[in-house]
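Here's the structure, in structure tokens; my notes come after.
Note that the coordinates shown come from a computational prediction; the quantities given were computed from them, not determined experimentally. Hydrogens, waters and symmetry mates play no part in the numbers below; they use all other heavy atoms, side chains included.
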Amino acid sequence: MKRHSRRALFVASLLAALAAPPLFAANDLPSLGTVAESALPQAEENRIGRDILRSLRGDGDGDVIDDAEVNAYLADLGGRLAAGAQLPGMRFAFFAVNDRSINAFALPGGVIGVHSGLLLATQSEGELASVLAHEIAHVSQRHLARMQEGEGNRHLLMLAAILAGVLASNASNGDVSAGMVNAGVGLAASRQLAYSRDFEREADRIGMQYLTAAGFDARSMAGFFDRLQQTHRHNDNNAFGFLRTHPLTGERVSEAQNRAQGYPLRMRADSSDFLLMREKLRLATLGAAEAERHYRTALAAGRFLQPGATYYGLARALLQLGRYDEAQQALASAQRQLPPHPALLLLDGDIQRAAANLDGALARYQQALQQFPSNDALWLARIDTLLQARRSAEARQQIELALKRAPDNAALWRLAARSYGEGDALRYHAALGHAFYIEQEFESARIQYQLASRAGGDDFYLRSTVEARLREIDSQHPAKPR
């Protein structure tokens with residue numbers, strides 16, 4: 001089985017999973033509570049979800065898309081929808097998965113994954129928002145904990161198998177990983193489907209409330225579900241993962257349609273964020289050559305949601321193919337069709353940078369930041385280019401400014417570490433430690449902070465911060481036995 005297929009199987013399996021006790025002896029397996037608990041405590045659920053997400057991100061196979069623009073868009077859209085849930089203690093985390101199948105899933109603790117194929121299948125931002133709202137409702141209604149309470153050890157064993165599969169996968173033992181996941185799912189599959197349909201209907205109902213509270217039309221949910229179901233009947237090519245992990249019935253679609261009639265009709269234009277990030281994910285999913293063919297065909301036939309977004313996607317594809325002049329021309333077409341947007345300005349700088357015009361790239365990033373001073377992707381690109389141009393002192397000045405606005409941005413701390421290099425071991429290791437700490441990679445953070453504490457240097461404030469973080473990590477996240 002290919003590695004990507006194993007990952008897709010893992011992600012699909014998580015949709016049915018709940019918390020598990022420490023049934024496996026491996027030291028790296030997270031402790032997931034006891035079978036005797038009648039329900040999964042929220043703190044444990046939060047920890048489990050982030051443990052799984054860290055495993056996925058640390059896998060290094062590219063399935064989790066690490067893109068500042070895409071992450072910012074999903075966080076913004078998801079955050080607006082999650083605001084309707086009114087869960088002040090919940091920290092939702094949204095991320096994109098590079099997978100052509102149409103799917104989304106909720107992990108424990110408000111961690112929500114979105115397949116790139118889902119964004120490509122949606123025909124409006126409201127349709128995408130409806131799926132995210134549905135997943136947020138699974139979280140807010142504690143469906144994972146409630147399923148554990150109702151099903152007991154059967155679901156506990158399943159998630160234990162899945163988590164062990166992640167760890168085996170991280171150790172490059174793919175066959176073992178796939179076997180563990182399959183074994184875990186097999187124990188619960190016969191009962192999970194019937195039990196989940198009630199939760200699916202509840203997630204539809206509550207999710208529609210979140211959808212409308214965020215300003216979207218309730219009919220987006222019913223319309224998207226109906227279109228998926230109708231298309232699936234005529235073309236079942238394993239692309240409709242959402243229909244397998246979130247079973248749709250005619251009755252459920254009818255209920256959603258009837259419920260939507262009780263909400264006011266809202267006409268809402270798609271945001272430029274949705275249109276542009278959709279094309280950025282298309283490029284990540286298809287690859288540059290296939291994406292170029294798609295965009296050329298779409299423009300010739302007039303089949304697109306918005307022509308400017310299509311030209312933007314074409315420009316990004318041409319950039320990846322190293323055809324910089326053509327990429328600049330396609331970008332100019334996009335800019336004529338769309339209002340000013342940071343993604344367009346970022347792409348302008350990216351083209352200059354790829355063409356080895358670093359001064360031109362820096363000038364464009366700086367001009368863009370004057371228009372959009374809070375855009376993380378522009379800050380990161382400008383600082384990274386300064387480091388590429390060996391202008392480390394100037395890069396550090398920009399990093400300090402950026403960190404005042406976004407102190408919890410792990411990517412900024414990694415750039416800070418690069419700017420110091422091994423010549424300033426204290427600040428280098430402290431910055432890496434901060435990045436790992438923000439990402440909740442506490443063991444890696446501990447190692448970097450320990451290296452920082454042993455390094456030379458007389459920055460009393462920084463040393464105090466490092467020692468305080470070490471005490472916190474040792475207290476709340478004790479080192480695992482070796």
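Interatomic distance, CG of Leu426 versus CG of Leu451, reported as 11.0 Å (0.5 Å rounding). Distance CD/Gln450 to CG/Leu470: 6.0 Å, rounded to 0.5 Å. Between atom CD of residue Gln397 and atom CD1 of residue Ile383 there is a gap of 11.0 Å, rounded to the nearest 0.5 Å. Asn409 CG to Leu380 CG: the interatomic distance, rounded to the nearest 0.5 Å, is 5.5 Å. Separation of atoms OG (Ser124) and CZ (Phe216) is listed at 8.5 Å; rounding is to 0.5 Å. Expressed to the nearest 0.5 Å, how far CG of Asp217 lies from CG of Leu265 amounts to 5.0 Å.
Under the 3.5 Å distance criterion, the side-chain polar atoms of Trp379 are left unmatched by any main-chain donor or acceptor of Leu369. In this structure a side-chain-to-backbone donor-acceptor pair under 3.5 Å is present from Asp270 to Glu125.
Pairs engaging residues 280-336 under the ring pair (Phe, Tyr, Trp, His ring centres under 6.0 Å) rule: none recorded [sequence neighbours left out].
Side-chain atoms of Glu127 and Ser220 form no donor-acceptor pair, as typed in the model, at a separation below 3.5 Å. In this model, no donor atom of one side chain and acceptor atom of the other lie less than 3.5 Å apart for Ser419 and Ser392. Under 3.5 Å, the side chains of Arg336 and Ser333 contain a donor-acceptor pair of N or O atoms. A donor atom on one side chain and an acceptor atom on the other are found under 3.5 Å apart for Asp273 and His341. Side-chain atoms of Gln328 and Gln352 include a donor-acceptor pair closer than 3.5 Å. Between the side chains of Asp99 and Ser101, a donor-acceptor pair is found at a separation under 3.5 Å.
Nearest heavy atoms, Tyr428 versus Gly421: CB-O, 3.3 Å. Nearest heavy-atom pair, Ser116 versus Arg100, reported as atom, atom and distance to 0.1 Å: OG-N, 4.4 Å. Heavy-atom minimum distance, Ala288 versus Leu283: CA-CD1, 3.7 Å. The minimum heavy-atom distance between Leu211 and Gly126, with the atom names listed, is CD1-O, 4.0 Å. Of all heavy-atom pairs between Ala256 and Met208, the closest is O-CE, 3.6 Å. When all heavy atoms of Gln335 and Leu345 are compared, the pair lying nearest together is NE2-CD2, 4.4 Å.
Annotation: side chain of Thr465 is in contact with side chain of Tyr461 (closest heavy-atom distance under 4.5 Å). At least one side-chain heavy atom of Glu467 sits less than 4.5 Å from a side-chain heavy atom of Ser453. Between Leu347 and Leu319 the shortest side-chain heavy-atom distance falls below 4.5 Å. The shortest side-chain heavy-atom distance between Leu107 and Ile112 does not fall under the 4.5 Å cut-off. Between Asp348 and Gln367, every side-chain heavy-atom pair lies at or beyond the 4.5 Å cut-off. Residues Leu432 and Trp413 have side chains not in contact (no heavy-atom distance under 4.5 Å, counting atoms from C-beta outward). A 4.5 Å side-chain heavy-atom check between His134 and Tyr210 finds every atom pair outside the cut-off. Arg278 places a side-chain heavy atom less than 4.5 Å from the side chain of Leu305.
Annotation: cation-pi geometry not satisfied between Arg446 and Phe436 (NZ/CZ under 6.0 angstrom from ring centroid, within 45° of ring axis).
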Go through the steps to decide whether Leu338 and Gln306 satisfy the test side-chain contact (heavy atoms from CB on, under 4.5 Å), and finish with yes or no.
-> CA-CA 9 Å; Leu338 289 165; Gln306 208 282 342; 3.5 Å; yes
Salt bridge (charged side-chain N to carboxylate O under 4.0 Å, His left out) between Arg80 and Asp76: does it pass, once the steps are laid out?
-> CA-CA 6 Å; Arg80 282 185 279 138; Asp76 177 69; 3.3 Å; yes
List the steps, then state whether salt bridge (charged side-chain N to carboxylate O under 4.0 Å, His left out) holds for Arg418 with Asp384.
-> CA-CA 9 Å; Arg418 277 180 55 195; Asp384 195 36; 2.4 Å; yes
Stepwise salt bridge (charged side-chain N to carboxylate O under 4.0 Å, His left out) check, Arg463 with Asp458 = CA-CA 8 Å; Arg463 286 193 175 280; Asp458 56 0; over 6 Å; no
Passes side-chain contact (heavy atoms from CB on, under 4.5 Å), Arg353 versus Gln388? Steps please.
-> CA-CA 10 Å; Arg353 184 179 177 184; Gln388 183 181 351; 2.8 Å; yes
When you look at Arg364 and Asp350, which way does the salt bridge (charged side-chain N to carboxylate O under 4.0 Å, His left out) test go after all the steps?
-> CA-CA 9 Å; Arg364 283 164 170 78; Asp350 289 348; over 6 Å; no
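Salt bridge absent: Glu290 and Arg293 never bring a charged side-chain N and a carboxylate O closer than 4.0 Å. Between Arg396 and Glu400, none of the side-chain N atoms (NZ, or NE/NH1/NH2) sits under 4.0 Å from a carboxylate O, so this pair counts as no salt bridge. By the 4.0 Å N-to-carboxylate-O rule, Arg205 lies too far from Glu200 to be salt-bridged with it. The pair Lys280-Glu69 meets the salt-bridge criterion, with a side-chain N (NZ, NE, NH1 or NH2) lying under 4.0 Å from an Asp/Glu carboxylate O. Electrostatic pairing of Arg323 and Glu292 counts as a salt bridge here, judged by a charged N lying under 4.0 Å from a carboxylate O.
Classified by interplanar angle (parallel below 30°, tilted 30° to 60°, perpendicular above 60°), the ring pair Phe105/Phe95 is perpendicular. Ring-plane geometry between Phe92 and Phe94 is classed as parallel, the angle between the planes falling under 30 degrees on a 0 to 90 degree scale with a further cut at 60. Below 30°, between 30° and 60°, or above 60°: for Phe442 and Tyr437 the angle between ring planes is above 60°, a perpendicular geometry.
The 12-atom threshold is not exceeded at CG of Asp66, counting heavy atoms of other residues, nucleotides or ligands nearer than 6.0 Å. The environment of Arg268 atom CZ is dense: over 12 non-hydrogen atoms of other residues, nucleotides or ligands sit within 6.0 angstrom. Within 6.0 Å of atom CD in Gln86, 12 or fewer heavy atoms from other residues, nucleotides or ligands are found, so the atom counts as exposed in its surroundings.
Between His434 and Tyr449, a ring centre-to-centre spacing shorter than 6.0 Å is recorded.
Partners of Gln257 under the side-chain hydrogen bond (donor to acceptor under 3.5 Å, both in side chains) rule, at least two apart in sequence or in another chain, do not exist in this structure. For Asp359, the salt bridge (Lys or Arg N to Asp or Glu O under 4.0 Å) partners are Arg391, not counting sequence neighbours.
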